[in-house]
2 protein chains.
Amino acid sequence: MTGPHQSIRVAVDVAVLAVEAGRLCVLLVKVRRPPFAGRWALPGGLIGQDETTTAAATRELREKTGLADVWLEQLYTFSDPARDPAGRCVSVAHLALVPARDARLDATTKYAGVGLFPVAELPPLAFDHQSVVATAVERLQSKLEYTNIASSLLPETFGLGELQQVYETVLGRKLDPRNFRKRVVDLDLVRPTGELRRGGAHRPARLYRFATRKPVILRKLNV
Amino acid sequence: MTGPHQSIRVAVDVAVLAVEAGRLCVLLVKVRRPPFAGRWALPGGLIGQDETTTAAATRELREKTGLADVWLEQLYTFSDPARDPAGRCVSVAHLALVPARDARLDATTKYAGVGLFPVAELPPLAFDHQSVVATAVERLQSKLEYTNIASSLLPETFGLGELQQVYETVLGRKLDPRNFRKRVVDLDLVRPTGELRRGGAHRPARLYRFATRKPVILRKLNV
DNA sequence: ACAAAAGTGTTGTTACTACACCCATGG
DNA sequence: CCATGGGTGTAGTAACAACACTTTTGT
């Protein structure tokens, strides 16, 4: 309904977040073509003519980084007319979460020009990708508090220490271990597997798994 | 990066919600052109070549319904390739909130083919607008519980009874008046103006206004 | 005087916060 | 035997849920 013909490209970008060694990281790829050649950017690209944005995000992620079967949700649509100097392009940003191990193995080792960067020390990014990362981090922080989304950041089984470290890293503050452990088991977020972790130089940790890895809303609401 | 050239239109749609007479309603406009001529739909249209989606949503809302200066935020981007039978069109849906009075006066009286419909009894809608309305209602319900977003659904001043009715209508359940009143004043969500409402056939209500109408996050988090 | 909405307090229960020490293992 | 991370309980406090009657006005 707005006058003449539109000429707008539609793209997707994916902010893949992972917690590695107590740092919240994002997966970046090196841009090959101008005007941002050489810079780091989120993996992404134009959507196909018969593809939803989520399908395009999944496809781009696999093509550019090898990652598949990851948690992925739509984040926000960025539409500043100046966001791409090469011409008008609206981008539907997505948030993806992976266990740090997967990010390392599948992406950064086998693919050239792919790296995991701490969000606290990002290099200059192409386009408006710095805003996208900021939005992704906010979304993760808020969902961590009322969903079981942390299951996407951890391997199948894990110790409660690892779980707590994920929470502390994402939220950016220390948590009390007694209270933390009480909560996550009382809320039935995680359940013990009965196994112990062998091999550490310390007391072995009991292993846990998430009650479910499907998305779940946890906390009761009020008003 | 996906082969040949894209040909995708980019549109916005706006779900304007209001609470009227204890019912949650959405503003719809009658579609003029095929393939959905005669059906009801959300106000919306193609975005301009140099316009953000939010600017386009604001503009479309004013053009189609006369509403201006309303609370408006991006909701979700709908990209099913089959959502528009007339050809590929990605739509960035927005959520808008207005006091019921404004919806009635500015929109439905002065503009032909505009109506306020209870979301519980919608007529058949064009495109995927039924999903858009459902998404909008969910977003409103969840934000009502931890923000001051209700300020956008009420006039400048109001009685606590009206405020409670807005909450009950949106959330779809009854609330206890003693607890409700305690909360909203203790949390400094609303403050008494000192005025009374004159003219009802009953005991006059003390009037309140929101502590601020700017977006605010209310509840403290935990973990 | 009656109808209709406004307004108000207390109590039991639950959830949260704060806090310090012992345990099991590998080296 | 020591270094390292794993693991545990309690008590004070704050927030929440449940509950019924009186007040003020217009007609």
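Hydrogens, waters and symmetry mates play no part in the numbers below; they use all other heavy atoms, side chains included. Reminder, nothing fancy here: chain letters follow the sequence lines and each chain counts from 1.
The distance from atom NZ of K174(B) to atom P of dA17(D) is 18 Å, rounded to the nearest whole Å. With rounding to whole Å, E195(A) atom CD is found 18 Å from dG6(D) atom P. Distance CD (E168(B)) to C1' (dA5(C)): 13 Å, rounded to an integer number of Å. Here dC16(D) presents its P atom at 18 Å from CZ of R181(B), a figure rounded to the nearest Å. Rounding to whole angstrom units, CG of residue L175(A) and P of dA18(C) are separated by 11 Å. Distance, R197(A) CZ to dG7(D) C1': 15 Å, rounded to whole Å. Separating the CG atom of L207(B) from the C1' atom of dG7(C) is a distance of 14 Å, rounded to the nearest angstrom. dA6(C) atom P lies 12 Å from atom CZ of F180(B), rounded to whole Å.
The residue R206(B) sits close only to the backbone: its heavy atoms come under 4.0 Å of sugar-phosphate atoms, none of a base.
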Review point. Which letters describe nucleotides 19-27 of chain C, given B = protein heavy atom under 4.0 Å from base, S = only from sugar-phosphate, - = neither?
Key: BB--BBBS-

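Side-chain N or O atoms of S152(B) include none that pairs as donor or acceptor with a backbone N or O of W71(B) at under 3.5 Å. At least one donor-acceptor pair under 3.5 Å links the side chain of N148(B) to the backbone N or O of K214(B).
Residues meeting the ring pair (Phe, Tyr, Trp, His ring centres under 6.0 Å) test with F117(A), sequence neighbours left out: W40(A).
Minimum heavy-atom separation, R39(A) to P124(A): CD-O, 3.8 Å.
Here R181(B) contributes atom CZ and L160(B) contributes atom CG; the two are 4.5 Å apart, rounded to the nearest 0.5 Å.
For the side-chain hydrogen bond (donor to acceptor under 3.5 Å, both in side chains) condition, the pairs that include at least one residue of residues 197-208 of chain A, sequence neighbours left out, are E162(A)-R197(A). Judged as a side-chain hydrogen bond (donor to acceptor under 3.5 Å, both in side chains), the pairs with a partner in residues 187-196 of chain A (not counting sequence neighbours) are, in order, D188(A)-R191(A).
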For residues 14-24 of chain A, dump all side-chain donor-acceptor pairs below 3.5 Å to protein atoms at least two apart in sequence or in another chain.
from, atom 1, to, atom 2, distance (Å)
E20(A), OE1, R104(A), NH2, 3.1
E20(A), OE2, R104(A), NE, 2.9
R23(A), NH1, E121(A), OE2, 3.4

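Direction change of the helix axis from one end of the helix from dA1(C)-dT27(D) to dG27(C)-dC1(D) to the other is 0°, with five pairs defining each end axis (rounded to 10°).
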